[in-house]
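Naming: A, B, ... by sequence-line order, numbering from 1 per chain.
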Amino acid sequence: MTEDQAVVVQEELRPLVDLVGPGPSAPATVAGLDVAYSPGGDLLAAAVTVLDARTLTVVDSAVGVGRPAFGYVPGLFAFRELPALLTALDRLRTVPDLLVCDGHGLAHPRRFGLACHLGVVTGLPAIGVGKTPLVGTWDPPPGERGAWSPLRDGGDVVGRVLRTRDGVKPVFVSVGHRMSLANATAQVLALTPRFRLPETTRTADRLCRDALSRTEHPD
DNA sequence: GCGACAG
DNA sequence: ATCTTGTCGC
């Protein structure tokens, strides 16, 4: 697939994003998704971890190893990681109530980032939590955990810049699918009792790194 | 035309 | 994302 064709796919799928559903207010399980790359970038491992939303302990997980399906192009990021992530999701024995993606949802040049793409393809509620911005402008939120400011782009509010820890660099929260922005914010705060990034992202990050290491050094 | 640009 | 040296802070 070419970059132009990928953009066409995004524009075809974008109308399928559900912007109405408020999403679960008290999800039983929340999934984190992340991908790790080999040093040369020719191999990747995708991981999904499913956490009990109340205890934040891992109750299910799966991995998918493969080749990057696309070059790294900002705005077309999903085409790179989506196949391996879907493989991992297929191997789960649980259906999580919410997907927390490492990257953006509506905070995207065409309002269709990885979290939207994963949400539409799976039909599950999804949100994006990015560590750095892709689009938009914002004012720095106050320094206390829980404080946020709107992320604006082209006249739209596309997400929130959310402080998850006192005095620590904020994260970028946006809706992916079947979730309100307010609920997405609440869920991220529930997932960050101790660290800047959601526990879901942390457990998935650890798992995909381990899986990649095991793939590179079979013993 | 130039710089910026999720992971 | 990963690599890599140096620096700040608990």
Which is the 5'-most and which the 3'-most nucleotide of DNA chain C that has an atom under 4.0 Å from a heavy atom of chain A?
C:dA1 to C:dC3
Would you call A:Asp102-A:Lys131 a salt bridge at under 4.0 Å N-O?
yes
Looking at A:Arg145, A:Arg163, A:Arg165, which hits side chain to side chain donor-acceptor pair (under 3.5 Å) with A:Thr192?
A:Arg145
In terms of the angle between their ring planes, are A:Phe79 and A:His117 parallel, tilted or perpendicular, with boundaries placed at 30° and 60°?
perpendicular
For A:Thr49 and A:Thr203, does a side-chain donor sit closer than 3.5 Å to a side-chain acceptor?
yes
List, with names and distances, any nitrogen or oxygen atoms from the protein found under 3.5 Å away from nitrogen or oxygen atoms belonging to nucleotides 4-7 of chain B.
residue: B:dA6; atom: OP2; partner: A:Tyr72; partner atom: OH; Å: 2.3
residue: B:dA6; atom: N7; partner: A:Gly75; partner atom: N; Å: 3.1
residue: B:dA6; atom: N6; partner: A:Gly75; partner atom: O; Å: 3.3
residue: B:dA6; atom: N6; partner: A:Phe77; partner atom: N; Å: 3.2
residue: B:dA6; atom: N6; partner: A:His108; partner atom: NE2; Å: 3.4
residue: B:dA6; atom: N1; partner: A:Leu114; partner atom: N; Å: 3.0
residue: B:dA6; atom: N3; partner: A:His104; partner atom: N; Å: 3.1
residue: B:dG7; atom: OP1; partner: A:Lys131; partner atom: N; Å: 2.9
residue: B:dG7; atom: OP2; partner: A:Thr132; partner atom: OG1; Å: 2.7
residue: B:dG7; atom: O3'; partner: A:Asp102; partner atom: OD2; Å: 3.1
residue: B:dG7; atom: N7; partner: A:Tyr72; partner atom: OH; Å: 3.3

Do the non-hydrogen side-chain atoms of A:Arg160 and A:Pro150 ever get within less than 4.5 Å of each other?
no
Can you get from A:Leu85 to A:Leu13 by hopping between Ile, Leu, Val, Met, Phe, Trp and Tyr side chains that sit under 4.5 Å apart?
no
Ring-face cation of A:Arg80 near A:Tyr72 (centre distance under 6.0 Å, axis angle within 45°):
no
